[in-house]
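This structure is a prediction, so every number in the text was calculated from the model and none was measured.
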Amino acid sequence: MIGVITLNTPKADGQLWELDCGIKEGVPLLLIHGYPNPARRLAVLPYEIRNQRVVEWTEQNILRFLNSLA
């Protein structure tokens, strides 16, 4: 599962529900920042993903995640 985290994520009940279900089920998860500008990123992650790491949206990060699934 890949989740794009933006300033709208705290209000996105559906997205948070899906991420929470995936985390609880142990689904491999990659969270990426939706914006390259650090000023447009969440300072505090929502409760459902509070302990998860969010990485830069780069081809290398996405490929690394996808290759880890094989």
Side-chain angles (χ1 to χ4, degrees):
M1 174 185 289
I2 297 177
V4 181
I5 306 304
T6 70
L7 295 175
N8 294 319
T9 297
K11 298 178 282 186
D13 294 336
Q15 178 191 23
L16 292 172
W17 180 82
E18 289 177 357
L19 291 171
D20 189 47
C21 287
I23 291 166
K24 287 177 179 173
E25 292 295 323
V27 173
L29 176 65
L30 171 66
L31 297 178
I32 55 178
H33 291 291
Y35 304 104
N37 181 348
R40 297 203 59 199
R41 295 182 186 164
L42 292 176
V44 177
L45 294 176
Y47 176 82
E48 294 83 353
I49 57 173
R50 69 192 175 286
N51 295 323
Q52 304 298 315
R53 181 172 173 238
V54 185
V55 300
E56 298 286 327
W57 185 336
T58 66
E59 182 178 348
Q60 182 180 14
N61 282 335
I62 295 170
L63 286 174
R64 184 179 303 122
F65 172 72
L66 294 175
N67 288 331
S68 76
L69 301 176

Show me the donor-acceptor pairs within less than 3.5 Å that the side chains of residues 23-39 make with the rest of the protein, sequence neighbours left out.
{"unit_1": "Lys24", "atom_1": "NZ", "unit_2": "Asp20", "atom_2": "OD2", "d": "3.0"}
{"unit_1": "Asn37", "atom_1": "OD1", "unit_2": "Ala39", "atom_2": "N", "d": "2.8"}

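Members clustered with Leu16: none, using a 4.5 Å side-chain heavy-atom cutoff among hydrophobic residues.
By the neighbour-count criterion of 12 heavy atoms within 6.0 Å, atom CZ of Arg50 is densely surrounded, having more than that number from other residues, nucleotides or ligands.
In this structure, CG on Leu66 lies 11.0 Å from CG on Asn61, to the nearest 0.5 angstrom. Interatomic distance, Leu69 CG to Met1 CE, rounded to the nearest 0.5 Å: 12.0 Å.
Scanning for side-chain contact (heavy atoms from CB on, under 4.5 Å) contacts around Gln60 gives Thr58, Arg64, with sequence neighbours left out. By the salt bridge (charged side-chain N to carboxylate O under 4.0 Å, His left out) test, Glu56 is found to be paired with Arg41, residues two or more places apart in sequence or in another chain being considered. With sequence neighbours excluded, the residues forming a side-chain contact (heavy atoms from CB on, under 4.5 Å) with Leu42 are Ile5, Leu7, Thr9, Pro10, Leu45, Pro46, listed by chain and number.
Connection of Val55 to Ile2 is established within a shared hydrophobic cluster, with ILVMFWY side chains joined at heavy-atom distances below 4.5 Å, either directly or through further cluster members.
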